[in-house]
Number of protein chains: 2
Amino acid sequence: MKIDPDSKIDLSAQIAKAIRDGIMAGTLRVDERLPSEAELAEQFDVSRPTVREALKRLAAQSLIRTQRGATGGAFVNRLRFEEAYGQHVTTSTLLLSMNSVSFATACEARYALERACAPLSAQRRTADHLATMRAEAHRQAQPGLSDEAFCASDVAFHRALVDAADNPVLSYQLAGAVEAMQPLMNMITFTARSRETIVQIHTEIADALGAKDAATADALLVRLAEYTESLAQSIIAKRDAAKAIR
Amino acid sequence: MKIDPDSKIDLSAQIAKAIRDGIMAGTLRVDERLPSEAELAEQFDVSRPTVREALKRLAAQSLIRTQRGATGGAFVNRLRFEEAYGQHVTTSTLLLSMNSVSFATACEARYALERACAPLSAQRRTADHLATMRAEAHRQAQPGLSDEAFCASDVAFHRALVDAADNPVLSYQLAGAVEAMQPLMNMITFTARSRETIVQIHTEIADALGAKDAATADALLVRLAEYTESLAQSIIAKRDAAKAIR
DNA sequence: GACGTTTAATTGTCTGACAAATGAAAATTG
DNA sequence: CAATTTTCATTTGTCAGACAATTAAACGTC
């Protein structure tokens with residue numbers, strides 16, 4: 001990759017792209033050390049601050065890690081699911097909030113995705129997954145729980161459901177989608193009755209997975225999706241009514 | 001957010017986090033201008049290069065955009081699906097290649113996700129989506145097509161299938177997963193006979209969606225998933241056999 | 001050989017400077 | 001006055017050089 005000083009694009013962006021391309025093409029392998037900042041500056045014929053800006057861009061994407069000291073430098077980072085997961089959640093959350101995605105759209109996507117892994121979860125769930133799901137359902141039944149804590153537990157429940165599919169790729173994709181919905185869910189006030197309904201369905205889902213009954217689990221997820229959306233709609237209706245009065 | 005000069009973490013990373021938190025919390029709104037680099041440097045009590053490194057980190061995540069000139073500066077960027085999509089593909093691709101995710105795992109995830117949106121696609125597909133899918137299936141039947149072009153067309157076909165669900169959140173999540181699989185798919189050599197089978201199924205999928213027949217579309221996706229995986233397995237077996245001889 | 005000490009390499013940060021872009025204000029011109 | 005050109009201030013982009021902090025390896029010393 002050549003660097004064009006007359007390009008409209010930042011030099012640091014061009015350098016970052018060149019290195020990123022090298023990583024994606026496999027020219028730069030995992031844990032391989034990049035040349036020092038001074039050497040990179042000489043190679044690309046730019047100053048060290050410019051090189052540093054490029055490296056920070058890559059670090060922001062977890063593509064490299066840096067270490068100080070004699071044997072330090074920048075190393076190609078093995079991208080782990082956990083790191084990628086965090087970025088995925090951040091991006092997804094902002095996408096939803098900045099593009100005024102409706103609750104219905106996000107909800108539809110979320111439950112469609114969860115239904116996709118339910119059959120696999122029914123087949124592969126371990127006792128651990130079931131225990132987590134039952135524990136979260138139990139927590140959700142506690143009377144004093146705040147709405148935020150209820151939503152957080154809801155995320156944990158569905159996270160366990162997704163992880164039970166035992167497919168890291170699915171977990172990565174889905175957990176991001178589910179967690180990104182939490183800010184939207186947090187806007188819902190859960191009444192005692194609606195909580196009861198949700199906990200009931202959660203418990204039945206855990207039972208269905210326990211029995212490796214994929215069809216029932218699927219039907220329950222459909223019910224949960226419909227119930228969640230009706231809940232959101234009634235709240236939106238109330239809010240709009242309150243607005244109309246003003 | 002306070003900046004701790006004695007922290008183990010880079011100052012630029014801390015500053016980036018502070019600004020990112022502001023964006024996610026809504027304190028900084030879309031299209032709002034951040035203070036100039038000089039002002040930020042004074043506010044955080046660091047030098048301008050440090051501030052710049054922080055801004056480059058945010059730019060790498062498409063959270064801000066910068067503009068030169070008198071009325072220029074750094075602005076909170078409205079994160080669009082297209083930008084986020086590109087990053088998602090990059091991350092997913094690297095995740096698969098760096099964590100030695102098996103073809104079977106990736107394939108399972110991909111088809112599980114596609115099946116999730118097939119019912120929605122059957123319901124909402126437009127004539128445009130059907131035309132794209134049929135055009136790609138037709139291209140895939142051309143004799144002179146290279147393996148890479150065949151795979152690219154395959155991605156385009158499935159992209160149309162996903163987009164037909166008319167849910168941007170689903171499209172964002174799924175298209176990343178599908179496209180990230182392409183490098184793995186590219187390793188498969190498609191014989192004339194296997195291409196014929198795939199094109200046949202693709203055509204039938206388009207027909208099923210045309211008839212709004214979700215059940216048939218789902219069954220076809222299952223068939224396609226099974227066929228793809230058997231194809232991959234036979235190729236892996238051949239490769240291992242060749243290795244054993246050596 | 002075990003244990004401090006020095007040293008070299010490398011990133012992290014700062015200072016100061018200049019170039020380039022860009023819009024707004026001021027000056028000029030018809 | 002209106003239109004155009006010029007000037008100018010602001011801001012990011014880039015550079016050069018310096019010093020601090022960190023780290024592991026090399027080196028002595030006992």
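In what follows, chains are A, B, ... by sequence order, proteins preceding strands, each numbered from 1.
Taking only side-chain nitrogens and oxygens, A:T50 never comes nearer than 4.0 Å to OP1 or OP2 of D:dG13. Residue A:T66 has a polar side-chain atom (N or O) positioned under 4.0 Å from OP1 or OP2 of C:dG12. Listed pair B:S47 / C:dC14 meets the phosphate criterion, a side-chain N or O lying under 4.0 Å from OP1 or OP2. One finds no side-chain N or O of A:R52 lying less than 4.0 angstrom from the OP1 or OP2 phosphate oxygen of C:dT11. Residue B:K8 places none of its side-chain N or O atoms closer than 4.0 Å to OP1 or OP2 of D:dT22.
Without hydrogens or angle criteria, B:D10 side chain to B:A13 main chain gives no donor-acceptor distance under 3.5 Å. For the pair A:R48 (side chain) and A:A41 (backbone), a donor-acceptor distance under 3.5 Å is absent.
Side-chain atoms of B:R48 come within donor-acceptor range of the base of D:dG13, with a qualifying N/O pair under 3.5 Å.
Counting to the nearest Å, the C1' atom of C:dC18 and the CZ atom of B:R68 are 12 Å from each other. Across the protein-nucleic acid pair, A:E53 atom CD and D:dC15 atom C1' stand 11 Å apart, rounded to whole Å. The distance between atom CZ of B:R33 and atom P of D:dT12, rounded to the nearest whole Å, is 6 Å. Rounded to whole Å, atom P of D:dT12 lies 10 Å from atom CD of B:Q67. Distance, A:F75 CZ to D:dT23 P: 13 Å, rounded to whole Å. Put simply, CG on A:L58 is 16 Å from C1' on C:dT11, counting in whole angstrom units. One can place CG of B:L11 at 11 Å from C1' of C:dC14, the figure rounded to the nearest angstrom. Between A:R57 atom CZ and D:dG13 atom C1' there is a gap of 11 Å when expressed in whole angstrom units.
Taking the centre and axis of the six-membered ring of A:F103, the NZ or CZ atom of A:R110 falls outside the cone set by 45° and 6.0 Å.
Side chain of B:T71, nearest nucleotide from C:dA24, C:dA8, D:dT11: C:dA24. Of all nucleotides listed (D:dT12, D:dA9, D:dC15), D:dC15 comes nearest to the side chain of A:V46. Counting only heavy atoms from C-beta on, A:A70 has its side chain closest to C:dA9 among D:dT10, D:dT11, C:dA9. With C:dG23, C:dC14, D:dG13 as the choices, the nucleotide that has an atom nearest any side-chain atom of B:E37 turns out to be D:dG13.
When each of B:G73 and A:P49 is assigned the nucleotide of DNA chain D bearing its nearest heavy atom, the one mapping closer to the 5' terminus is B:G73.
Ring planes of B:H158 and B:Y111: perpendicular class, angle over 60° (limits at 30 and 60°).
Of all heavy-atom pairs spanning A:T93 and A:P183, the tightest one is CG2-CG, 3.8 Å.
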